[in-house]
Structure formats: structure tokens, C-alpha cells
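Throughout, protein chains are lettered first and strands after them, A, B, ... in sequence-line order, and every chain is numbered starting at 1.
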Amino acid sequence: MAFFLKGVHVPHRKNTAGFKGVKLPAPKQVAIPTSMHIGAPAKVVVSVGDEVKIGTLIAEQSGVVSSNVYSSVSGKVVKIEDMLLSSGKSAPAIMIESDGEMAIDENVKPPVINSAEDLLEAIRLSGVVGLGGAGFPTYVKFGANKPVKIQELIINGAECEPYITSDSVTMVEKSNEIGYALSVLTSFFEIDRVIIGIEKNKPDAIKAMKKLENDKIKVRVLPSVYPQGGEKVLVYHLTGKKIPLGKLPIDVGCVVCNSTTVATIGTYLLTGMPLVEKCITVDGDAVKTPQNVIAPIGCALQEVFDFCGGFTKPVAKVIYGGPMMGISVPDTSVPVLKMTNAILAFSEKLNKEADPTACIKCGSCLNHCPFGINPVAIAASLKNNDLEGLKKAGAQLCMECGCCAFVCPAKRPIVQNNKLAKQKLQQANAKGGK
Amino acid sequence: MENNLHLSVSPHIRSKITTQRIMLDVIIALLPALIAGTVIFGIRALLITAVCIFTCVAGEFVFNVITKKQQTVKDLSAVVTGLLLALNVPANIPVWQCVIGSLFAIIVVKCVFGGIGCNIVNPAITARVFMIIAFGAMAKAAFPVNVDGVSGATPLADLQQGVKTEILDLFLGRIGGSIGETSKLALLLGGIYLLARKVITWQIPVTFIGTVFVMSFLLDGLSLLNALYWILSGGLFIGAFFMATDYVTSPSTAWGKVIFGVGAGLLTAIIRFYGNYPEGVSFAILFMNILNPYIENATQRKLFGGEVK
């Protein structure tokens with residue numbers, strides 16, 4: 001590896017670092033969407049009136065790229081209706097009224113693993129998807145039907161977004177689960193080595209993970225430069241391998257899993273409990289007591305905020321995830337999802353954005369882009385509807401990390417522009433180019 | 001439950017840096033040169049500066065009003081143009097020439113091309129060249145107020161005649177010339193401030209001045225002292241630190257900046273040694289401004305993993 005890719009120094013604001021995850025009491029009701037992953041929504045397998053417990057399968061994977069969904073509370077299914085998701089698509093969601101018992105389903109028991117195929121099936125049944133935010137079904141990464149040969153299994157513990165500490169808290173509190181998962185993964189899958197990448201501003205997590213080191217598993221401490229946790233960035237920094245455009249990490253022999261993803265696999269292997277709750281960082285200047293909360297999936301954000309003492313100021317913006325790549329939501333009734341790692345509530349002070357002014361061609365955006373994309377050229381090519389120009393400027397490579405917009409002195413909507421450019425290229429490709 | 005929350009595309013936080021702050025930094029960085037110019041050439045330097053800044057800001061304001069464009073004077077870029085232009089003219093210049101030069105810079109070079117970020121050449125440098133040609137503005141350069149000024153030529157013109165000023169005078173600016181270009185000490189302070197604030201990067205100033213140094217060494221008797229005279233004379237420092245580094249009219253990548261700086265340095269040396277004008281910096285920067293789109297195009301950053309396999 002020659003050089004580190006470019007990036008930006010974002011404010012850390014890790015106010016909740018070192019806070020143990022506090023378990024949220026049983027919510028009154030949960031709304032669990034069937035689409036909390038990339039791919040087809042899961043197929044609902046319960047009907048209104050059914051009794052469910054924690055860990056009961058309520059929606060089954062449909063197709064290869066999809067994932068099982070389990071109930072996160074015990075109680076009764078009260079409604080099944082379409083819900084508008086932050087992706088802009090709509091999918092059925094299952095409303096379950098909790099009986100407050102939080103009873104666990106009888107079928108929840110540790111899986112028996114005797115072969116690589118068993119392990120793959122276990123990962124599929126755990127309902128685990130990429131918990132770093134992308135939500136790509138994890139068992140597909142490991143090969144879907146047939147286990148893949150892996151040169152490097154990369155555990156992403158970079159957690160480069162401001163505010164978020166849930167991954168590092170998980171690495172500390174669930175180091176046993178992570179250790180167990182890694183030992184099972186390395187003994188049944190063909191994995192040459194495991195690299196756990198953590199940014200250097202998380203000494204607790206580094207310490208906890210160092211204990212897992214052996215001749216196959218190594219911890220690598222990385223500089224705290226955003227977007228260290230971006231998949232292509234992390235693979236390059238840890239292995240020196242460049243993932244070509246349009247290819248996956250496995251095409252260069254790597255599989256990347258978020259640290260919390262691995263911890264969840266570990267929990268399933270040890271107890272048989274699928275993914276039903278998430279450790280999430282609750283923060284933002286409007287939250288009274290920022291902390292890490294372990295919340296059942298499907299629980300409304302408002303309930304989580306209330307558990308943290310509610311709001312001290314009027315709320316102007318609520319974000320799923322970190323402030324660099326997170327998605328803003330219209331109201332606080334939306335549920336905690338599988339890949340929710342943080343929820344932030346900003347007052348008007350943090351929400352306020354300066355009006356964009358004319359581009360002064362300072363070059364900050366392109367000089368901070370990890371991939372060398374030229375947003376100035378993208379903006380010009382968009383104006384002229386010049387598809388070749390968009391490609392030359394690298395629009396198709398953009399991962400929307402937001403470094404460009406973060407540093408832009410003219411406060412231009414660069415990510416928005418790049419998204420539009422990518423969409424134009426996709427549309428052109430769909431039409432068969434030219 | 002909270003309703004009607006603000007929705008927007010990520011990122012939801014932004015750095016504190018703004019266009020206005022960058023322009024303010026440039027103004028702060030030019031203050032030592034303005035102070036030095038006032039000490040050396042007297043209070044008239046301040047009058048000229050005030051006239052240039054006022055004319056530029058008023059010109060942009062009125063242009064925006066007439067053309068019904070969004071008002072942009074608060075970004076301070078017009079102040080920078082006015083200040084730079086003032087520092088690039090001698091203190092004894094007639095006020096009406098300042099007004100015309102400023103209007104040329106702001107209206108013809110900047111506003112007509114679309115305002116901030118759209119001009120293809122640097123407004124201040126272009127206006128200076130315009131004034132040299134139209135008024136012979138540099139020919140009767142002012143001399144320090146506390147020195148008996150008899151000669152009408154600048155040290156650079158003298159240098160071409162083989163007359164040498166003391167090197168310390170050249171560095172401190174106790175010589176004839178434009179208001180802001182004579183004190184290299186003041187310009188260096190401002191340049192270091194801009195580098196420290198990361199408003200500019202080292203590539204253009206270092207390669208520009210470095211190339212002039214090497215060329216002068218080669219073309220003037222292989223003497224290091226002579227080369228030092230050449231880089232401390234004329235508008236090289238103000239040009240290299242403040243004019244050639246203008247974002248809009250210089251390349252944005254590191255290699256582009258190196259090419260730009262070396263090119264400007266070569267042209268400056270060639271004009272100084274073989275041209276009719278003693279002053280090569282303005283023409284060199286102007287020429288490189290025009291080449292900028294080509295340099296920019298040729299020095300794009302390599303895309304990560306973007307190569308087709």
C-alpha cells in the first residue's frame with residue numbers, strides 16, 4: 001500500500017464513547033418493515049391476530065438477495081400495511097402490539113454447525129445484513145449457496161462518522177461474541193487471514209479486539225480520517241487492493257463485514273437469537289441525555305428519544321445514522337431498522353445551512369475526494385447533459401461520502417449533483433448507452 | 001411525536017470555511033503589504049487603495065442591480081480585486097486612472113463573464129496590464145517619500161541597465177515601484193499566512209519564484225547574487241503569492257499547479273531578458289490564465305479503481 005487515500009478531518013463529537021448500551025424497556029408497539037436490506041422485501045408469513053414471541057419468524061426471505069425478518073417483542077400482530085421507507089420505496093410492515101413479557105420463542109436455540117454449508121445456512125437464518133448501513137445480506141457476501149474462498153476477511157470497526165459509538169461499544173461489550181464468530185468462521189470457511197481495522201481514536205475497542213489476535217487474526221489501527229470505513233477505502237488501506245469500478249470486494253478476494261455484523265453472527269451461533277435488537281447511539285444537540293441504547297428493531301424513534309430524556313430544544317432535523325451519510329427522516333414515528341446504528345436529533349442551530357453561492361473553483365472538493373472524482377466537472381457536464389464528461393469526471397464512482405460537500409466553501413449541493421449524475425448515467429445505460 | 005422535520009441530502013454537517021472567510025484571509029494577508037506601501041510611499045497610497053476598493057465594490061453592486069443578478073458584494077471578492085489592483089499601481093498614479101482601471105477589472109473582466117468563479121483571467125492582473133498599455137502606468141513609478149527620487153525608472157528597469165540596488169532595500173521595499181509590490185518582507189508574511197490558513201498551497205509560489213531564480217541564474221552570468229536580485233525585483237512576489245494563486249484562473253490539482261508555476265516562471269524570465277517591457281510577471285500570469293483550462297484538463301486526478309479491466 002503506497003499512500004492513504006484522501007479524505008477529511010470531520011469533528012469527532014463522540015460524546016457517547018464508553019457509554020455501555022442501556023436496554024430499552026419493552027415498547028408498547030413495534031412496526032417492523034419487511035425491507036431492511038438491499039434486495040427484495042421479505043414475504044410476510046404471519047397474519048393479523050397471530051401470537052409471536054421474540055425471535056419468531058414473521059417474514060421470510062424471498063429470492064437470493066433478501067433476508068429473514070424476526071419479531072423483536074412478544075405479543076400479537078395487529079396490522080400489516082405498507083410503509084414508506086427512507087429509500088423512497090414502500091414495503092409491507094408488520095405492526096406487533098407488545099404484551100410486555102418479552103418472552104423468547106421456543107425455536108431459539110444454538111444452531112449445530114458441522115460444515116461450511118451449515119455455517120452459511122446459520123448466517124442466512126440469523127437475518128444478519130450489512131449493519132454498517134448498506135444492509136447487504138451477509139450470507140450472500142459469504143457465497144449465498146456455496147462458501148467462497150476468502151483471502152482477507154476484513155472486520156470494519158473504523159466507525160469514521162461523527163457521533164456514532166455503537167460499533168466501538170459493541171466491540172468492547174460483545175468481544176466474546178466477535179471472538180466466537182471469528183473462530184467458527186475461520187475454522188469452517190477458507191479464510192487466509194482476518195484483519196480488524198479500527199480508527200485510532202477508539203482505544204477501548206482496539207484493546208478489546210487485540211485480545212482476539214492470533215496467527216490468523218490481526219488488528220490494524222488506522223488514522224482517524226473520514227471516510228476510513230468506506231468499503232473500498234478500508235480494503236485499500238488494509239490490503240493495498242483496489243476494487244475496480246462495478247466490482248465487489250470478493251472480486252479481489254476480500255469480504256468486508258462490519259464489527260457489529262460479526263457480533264450479531266456470534267450471538268446467533270451462541271444462542272440462536274437472530275437479529276432482533278440493535279445497539280444504537282442516540283445523540284445530537286437536542287437530546288437531553290445522549291447515550292447508547294439497545295433497542296428492539298421496529299421500535300419508534302420517538303420512544304428511544306423519550307427513553308433518553310426527550311428533547312431539550314425544538315427539533316429541526318432527525319437523522320438515521322451519522323451526519324455525513326445519514327438519511328434525514330420526516331418525523332419520529334419511523335422505526336429502528338436492522339442497519340440503524342445511530343439516531344441524531346439536531347436543533348435549528350445544527351440544522352441551519354448556509355445558502356449556496358457560486359463555485360469559486362477552489363478545487364477543495366476534488367482534492368479531498370478519496371477516489372479522485374471531479375465534482376466541478378460533474379456539475380459542468382450535468383449542465384451540458386454531457387454523459388461522456390460525467391464518466392470522465394468519475395461520477396459513476398461516487399459513494400456519496402460527502403467529503404466534497406463538507407469542505408466546499410461555497411456550500412454547494414455537491415452530493416445531490418453527484419447523485420443526479422449517477423442516475424443520468426444509469427438511465428443512459430438502461431437505454432443501451434449513447 | 002416530532003413532525004414536519006427538515007429533510008435534506010447528506011452531509012448534514014459542513015465545515016466552517018466559506019468563500020467570504022477565504023476572501024477575508026486574502027485581505028488580511030495583503031494588509032502587511034498595504035502598511036509597508038503606506039510607510040514607503042506616503043499617505044497617498046491609502047487614498048489610491050480606498051478609491052480602487054470603492055470603485056470595484058460599487059461597480060459590482062451596480063452591475064448586479066442593473067442586470068438583476070443576485071447581489072454578490074458581501075462575498076468580499078470585489079474588495080480583494082480592488083485591494084490587489086491598488087497594490088499593483090504606483091502611489092502617484094492619477095485617481096481617474098484608478099477608477100477606470102478598477103471598473104475595467106470588475107465589469108469587463110469579472111462581471112461580464114458571469115461574476116465570481118466565472119472569469120477566465122485574473123481581474124487585477126488584467127487591469128494592471130490594461131493600465132500599463134493604456135496609460136503607461138508603470139513608466140513613471142513613484143519613489144519612496146523619504147528618498148530623493150530623481151530617476152524615473154524602477155529597479156527592474158535599472159537592473160536591465162546593469163544598475164543594482166542594495167539587496168536589503170529590495171527585500172524591505174525601500175525602492176521605487178507599485179504600492180504593494182516593493183516590500184518582499186510584507187508579501188512573504190502575507191504569503192506564509194495564506195499557506196498556514198491553507199487558503200493557498202505551496203506549489204505555485206515556490207515553482208514560480210524558483211523557476212525565475214534558476215532562469216535568472218542561467219541567463220545572468222551564473223551568479224546567485226544576480227539571481228537573487230532578479231527574484232526580489234518587480235512584482236514577482238505579489239504575483240506568485242497573490243495573483244497566480246487565484247482559484248478560478250489557476251489549476252486545482254497539485255501537478256497542474258506545478259506546471260502553471262513553472263510556466264509562469266519561464267515566461268517571466270523570457271520577457272524580462274528578451275522582451276521590451278521590464279515587467280514580465282503580469283504578462284506571464286495573464287498568459288498562463290489563458291492556458292489554464294488546458295492544464296486543468298491534462299492534469300486531472302486519476303480515478304480510484306476506475307480503469308476498465
Considering only heavy atoms from C-beta outward, does the side chain of [X] approach that of [Y] to under 4.5 Å?
X: Thr357(A); Y: Thr72(B); answer: no
X: Val376(A); Y: Ser252(B); answer: no
X: Lys392(A); Y: Asn297(B); answer: yes
X: Ile22(B); Y: Ile360(A); answer: yes
X: Leu5(B); Y: Thr332(A); answer: yes
X: Arg301(B); Y: Lys6(A); answer: yes

Region of [X] in contact with chain B, defined by heavy-atom distances below 4.5 Å:
X: Ala316(A); answer: backbone
X: Phe311(A); answer: side chain
X: Ala393(A); answer: backbone
X: Ile327(A); answer: backbone
X: Cys362(A); answer: both
X: Glu353(A); answer: side chain

Most chain B-contacting option - heavy-atom pairs closer than 4.5 Å, from Val10(A), Asn374(A), Val8(A) = Asn374(A)

Within residues 8-15 of chain B, residues adjacent to chain A where the heavy-atom gap is under 4.5 Å =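 Only Ser8(B), Val9(B), Ser10(B), Pro11(B), His12(B), Ile13(B), Arg14(B), Ser15(B) of residues 8-15 of chain B have a heavy atom under 4.5 Å from chain A.
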
Looking only at heavy atoms, which of residues 107-118 of chain B get nearer than 4.5 Å to chain A?
->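 Listed by number, the contacting residues are Ile116(B), Gly117(B).
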
Pick one of side chain, backbone, both or neither for Asn3(B), based on which atoms fall under 4.5 Å of a heavy atom in chain A.
->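 Both backbone and side chain.
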
Does a sphere of radius 6.0 Å around NZ in Lys422(A) hold more than 12 heavy atoms from other residues, nucleotides or ligands, not counting ones at 6.0 Å or beyond?
->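 More than 12 within 6.0 Å, yes.
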
Ignoring hydrogens and geometry, is there a side-chain-to-backbone donor-acceptor pair from Lys411(A) to Ile17(B) under 3.5 Å?
->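 Side chain of Lys411(A) to backbone of Ile17(B), a donor-acceptor pair under 3.5 Å: yes, one is there.
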
Using 30° and 60° as the class limits, which term best fits the ring planes of Phe304(B) and Phe371(A): parallel, tilted or perpendicular?
->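 Geometry flag for Phe371(A) against Phe304(B): parallel rings.
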
